[in-house]
Amino acid sequence: MSVVVRPDVARMLRAGATNREIAAVCRTARRKVAAARAALGIGPVQPHRGAGSLEDAFRVRVRALFCGHAVWDGPRNENGVPMVSWRFERVSAYRVAFRAHYGREPQGVVLAVCEVPGCIAGRCLDDKQARDRTRGQLAAVLGLDQTSTHCRQGHAYAEHAAFKPDGARYCGQCDSDSNKERKRGIAA
């Protein structure tokens with residue numbers, strides 16, 4: 001059985017369009033376009049790879065503002081977090097910006113600390129390590145009690161210390177355990 005190839009379909013096939021694009025423009029089924037492709041001996045279109053790296057995909061969506069600040073013009077997840085898509089992977093744009101600026105992987109959640117709404121500039125981002133360091137310095141300046149070395153459960157503050165925004169120290173391990181217990185109670 002020979003396949004009759006429409007001229008408009010043949011023209012788009014030779015121009016390098018995908019089956020989906022041709023089906024949409026020519027208002028035909030993709031299976032018919034695939035059959036026409038086979039009849040003409042035209043191989044499948046190689047997918048466009050897009051950005052060469054995750055950082056390139058990130059840079060395309062960043063819009064520079066005044067004084068070194070920047071905002072995200074790309075997609076966001078359901079929580080409003082800017083997301084970079086690259087090679088079938090979705091990564092927080094905050095993490096990419098942090099890594100590009102500081103040259104290391106962020107620890108924990110990355111948050112913007114400047115006053116510009118939606119800023120994604122690397123210099124305006126902090127990870128858990130930086131926030132804890134800043135809050136620890138605040139506690140020292142305020143003279144908050146930092147003399148104990150372990151929490152009530154026996155966790156060493158040297159390993160598990162975390163700080164509230166006001167500089168007060170707490171045990172990150174106990175906090176994590178408490179959150180797990182609370183979530184277990186909700187799920188039950």
Side-chain angles (χ1 to χ4, degrees), residues 49-188:
R49 292 289 175 210
S53 70
L54 180 62
E55 288 75 20
D56 292 340
F58 169 79
R59 275 190 224 90
V60 169
R61 298 293 196 151
V62 174
R63 183 169 42 95
L65 295 178
F66 58 93
C67 299
H69 296 281
V71 292
W72 182 248
D73 281 339
R76 295 176 180 272
N77 70 8
E78 60 278 357
N79 297 324
V81 176
M83 301 299 287
V84 180
S85 296
W86 183 71
R87 290 195 178 174
F88 307 108
E89 182 181 358
R90 287 174 46 106
V91 180
S92 163
Y94 289 131
R95 296 185 77 78
V96 177
F98 184 93
R99 188 173 41 242
H101 184 76
Y102 292 102
R104 67 173 177 86
E105 283 295 321
Q107 295 179 357
V109 178
V110 177
L111 300 172
V113 294
C114 70
E115 299 296 320
V116 177
C119 185
I120 196 160
R123 69 182 186 89
C124 298
L125 302 175
D126 272 351
D127 65 345
K128 183 179 181 334
Q129 179 182 0
R131 286 190 301 275
D132 283 348
R133 183 178 55 248
T134 303
R135 291 171 180 175
Q137 291 168 348
L138 175 63
V141 168
L142 295 176
L144 298 175
D145 178 30
Q146 305 292 328
T147 57
S148 59
T149 59
H150 290 76
C151 73
R152 290 184 210 154
Q153 300 298 322
H155 301 120
Y157 279 131
E159 183 180 352
H160 299 289
F163 295 89
K164 295 179 181 177
D166 64 359
R169 181 175 63 177
Y170 66 95
C171 177
Q173 184 63 48
C174 289
D175 189 55
S176 177
D177 293 346
S178 173
N179 286 336
K180 287 177 187 173
E181 274 300 315
R182 185 179 49 80
K183 287 179 182 175
R184 242 184 257 127
I186 291 172

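Please read all numbers here as calculations on a predicted model, not as lab measurements.
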Open item on the list: Which heavy atom of Cys119 sits nearest to which heavy atom of Cys124, and what is that distance?
Closed with: SG-SG, 3.7 Å
TODO: Please report the shortest heavy-atom distance between Gly108 and Lys128, naming the atom on each side.
DONE: CA-CB, 4.4 Å
Task: side chain to side chain contact (heavy atoms under 4.5 Å, CB included) between Asn77 and Arg90, intermediate numbers included - done: CA-CA 9 Å; Asn77 70 8; Arg90 287 174 46 106; 3.6 Å; yes
- [ ] Could you point out which residue of Arg152, His155, Gln153 forms a side chain to side chain contact (heavy atoms under 4.5 Å, CB included) with Cys171?
- [x] His155
Task: Heavy-atom pair of closest approach, residues Pro106 and Arg95 - done: O-NH2, 3.2 Å
TODO: Measure from the side-chain N and O atoms of Arg131 to the backbone N and O of Val113, and report whether any donor-acceptor pair falls under 3.5 Å.
DONE: no
Open item on the list: To the nearest 0.5 Å, what is the distance between OH on Tyr102 and CG on Asp126?
Closed with: 5.5 Å
Open item on the list: Just verifying a value: how many Å separate Leu65 CG and Ile120 CD1, rounded to the nearest 0.5 Å?
Closed with: 11.5 Å
Task: Separation between OH of Tyr94 and CZ of Phe58, rounded to the nearest 0.5 Å - done: 10.5 Å
TODO: Work out which heavy atom in Arg61 is nearest to a heavy atom in Pro75; give both atom names and the distance.
DONE: CZ-CD, 4.2 Å
Open item on the list: Between Asn79 (side chain only) and Val81 (backbone N and O only), is there a donor and an acceptor less than 3.5 Å apart?
Closed with: no
Task: His101 backbone acceptor or donor facing Arg123 side chain under 3.5 Å - done: no
Task: Value rounded to 0.5 Å, distance of CZ in Phe98 from CD in Glu105 - done: 9.0 Å
- [ ] Kindly say whether Cys174 contributes a backbone atom to a donor-acceptor pair with the side chain of Ser178 at under 3.5 angstrom?
- [x] no
